[in-house]
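Please read the structure below before turning to the comments.
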Amino acid sequence: MSIPLVDLKAQYLTIKDEIDAAIAEIVTNTSFIGGKPVSDFEAAFAAFCEVKCAVGVASGTAALHLALCATDVKPGDEVLTVSQTFIATAEVAPLCGASVRMIDIDPQTYCMDPAALEAAISEKTRAIIPVHLYGHPADMDPIMRIAASRGITVIEDAAQSHGARYRGRRVGSIAPIATFSFYPGKNLGAYGDAGAVTLQDEETAQRVTMLSNHGRWQKYKHLVEGFNYRLDALQAAVLSVKLKYLNEWSEKRRRVAARYDELLADVEEVTRPHVADYAEPVYHLYVIQVPPERREAITEYLREHGVMAQLHYPIPLHLQPAYEHLGMKPGALPVTESLAARCISMPVFPELRPEQIETVAQTLKDALAAG
Ligand SMILES: *Cc1c(COP(=O)(O)O)cnc(C)c1O
């Protein structure tokens, strides 16, 4: 029996009755867009994130685009972010006519390096998007300080870190605006595409809601041109059921990680995920580093022996064809490139059983011994 990276079926089976009932209710009411299921989820997710407002939207990518719009990012502006992330973080800047600039990460947390940020800021910088990568928060205090001293807005990309804490505070509650993805494989996943924007002030939240719904202010009145970026009621209903279990699931993910840490403690060739002293992570992924010349063979061995390890991300954004126009060459972001060459994502999900965790760790040890 192979061990998947994430097992959505196993999770569904633990909450099947509740999910099925929630879906049946929406279908029976045939009220598919907006309404109470969406506003109920928004209120519950805002409470969970310890923020004033949450706006449910169509995807994490839509959330990022709306966050930039709400920040008034315009043509000629520059958006600073990391290269070690999913392309969505970067690809929204041009939708506002802005350019994107990618900077390096911290070698321990794999999140935005505040020193690199300080060095990269220019007159054109309008927004900074740190990513809470793999479930571990970025070092927000210095990032917020650097931004505040220059009047630049920070947008947290929390797509991989629902419920993680930075110095006791939930991610998504630190910057004035933050974005989440509920892509099925994320820590809180819908049964399709979905996302959210969290905010500290109601006025901006209303603006995001309006933009997500064709710039509609009241019935028949459109204040501006907007988008069709609404969260649909079926996804909201599924998310409301799953949100109740999220703290418990995060705790289980941390237990899986702690067990991996124990089992791999004496394996010299493996660098385990670091937890900064400011962080309570939620292990969206358990990413290890191995020697780069052996990464392909190790990954192949794992997969051949039923451990469905994957790579997040083997080619950083600045070296993707899509970003050739940035003119960044290999060597431009050394920490990012080093991680990209060494990373392997091991299976981690709340339902992973103790014997499966042992199998994964043992298979990794066997892969290393297989030389
Ligand atoms: C998944 C993800 C996104 C995009 O979310 P979608 O819901 O797939 O649009 C954005 N940023 C990061 C870091 C992600 O992992």
Side-chain angles (χ1 to χ4, degrees), residues 5-6 8 41 45 54-69 79-95 100 102-103 105-106 109-112 127-138 140 143 154-164 166 171-172 174-175 177-198 208 212 227-232 234-236 238-239 242 253 281-287 310-318 320 322-323 336 339-340 343 345 348-349:
L5 191 72
V6 53
L8 298 179
F41 172 69
F45 193 64
V55 179
V57 298
S59 69
T61 310
L64 282 158
H65 186 194
L66 289 164
L68 289 184
C69 293
V79 175
L80 270 180
T81 189
V82 288
S83 173
Q84 188 65 12
T85 181
F86 182 62
I87 190 169
T89 315
E91 76 186 343
V92 290
L95 299 181
V100 66
M102 295 167 194
I103 61 175
I105 50 173
D106 176 88
T109 64
Y110 311 150
C111 296
M112 182 178 278
I128 299 165
I129 313 182
V131 178
H132 305 303
L133 195 72
Y134 308 149
H136 188 289
M140 291 302 292
I143 293 170
V154 176
I155 298 164
E156 297 172 64
D157 183 343
Q160 301 188 2
S161 290
H162 323 67
Y166 173 79
V171 301
I174 302 155
I177 186 161
T179 64
F180 289 85
S181 165
F182 306 125
Y183 179 81
K186 298 286 159 80
N187 288 27
L188 178 60
Y191 286 3
D193 277 313
V197 182
T198 55
V208 169
S212 75
F227 315 98
N228 180 352
Y229 276 170
R230 296 172 302 227
L231 173 64
D232 75 62
L234 272 171
Q235 300 307 338
V238 167
L239 288 165
K242 292 182 73 175
R253 285 174 182 272
V282 290
Y283 293 97
H284 172 56
L285 297 168
Y286 187 92
V287 176
Q310 286 184 30
L311 309 180
H312 298 88
Y313 301 90
I315 307 168
L317 293 185
H318 71 285
Q320 293 281 356
Y323 290 104
T336 297
L339 175 62
C343 63
S345 306
V348 53
F349 51 90

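Just so you know, ligand 1 is whichever comes first in the structure, and atom 1 is the first atom listed for that ligand. Fair warning: this is a prediction, and the values are worked out from it, not measured in the lab.
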Side chain to side chain, Leu5 and His312, heavy atoms closer than 4.5 Å = yes
Identify, with sequence neighbours excluded, every residue that meets side-chain contact (heavy atoms from CB on, under 4.5 Å) alongside Ala194.
-> Phe182, Ala190, Leu231, Gln235, Leu239
Distance-only donor-acceptor check, side chains His318 and Ser83, under 3.5 Å = yes
Going by heavy atoms in the side chains, are Met102 and Tyr323 under 4.5 Å from each other?
-> yes
Close N/O pairs between ligand 1 and protein, under 3.5 Å:
{"residue": "ligand 1", "atom": "5 (O)", "partner": "Ser181", "partner atom": "OG", "Å": "3.2"}
{"residue": "ligand 1", "atom": "7 (O)", "partner": "Gly60", "partner atom": "N", "Å": "2.8"}
{"residue": "ligand 1", "atom": "7 (O)", "partner": "Ser181", "partner atom": "OG", "Å": "2.6"}
{"residue": "ligand 1", "atom": "9 (O)", "partner": "Gly60", "partner atom": "N", "Å": "3.3"}
{"residue": "ligand 1", "atom": "9 (O)", "partner": "Thr61", "partner atom": "N", "Å": "2.8"}
{"residue": "ligand 1", "atom": "9 (O)", "partner": "Thr61", "partner atom": "OG1", "Å": "2.5"}
{"residue": "ligand 1", "atom": "11 (N)", "partner": "Asp157", "partner atom": "OD1", "Å": "3.4"}
{"residue": "ligand 1", "atom": "11 (N)", "partner": "Asp157", "partner atom": "OD2", "Å": "2.8"}
{"residue": "ligand 1", "atom": "15 (O)", "partner": "Gln160", "partner atom": "NE2", "Å": "2.8"}
{"residue": "ligand 1", "atom": "15 (O)", "partner": "Lys186", "partner atom": "NZ", "Å": "3.0"}

Side chain to side chain donor-acceptor pair (under 3.5 Å): pairs with one or both residues in residues 54-65, sequence neighbours excluded = His65-Tyr229
In chain order, what residues pass the side-chain hydrogen bond (donor to acceptor under 3.5 Å, both in side chains) check against Thr85, with sequence neighbours excluded?
-> Thr89
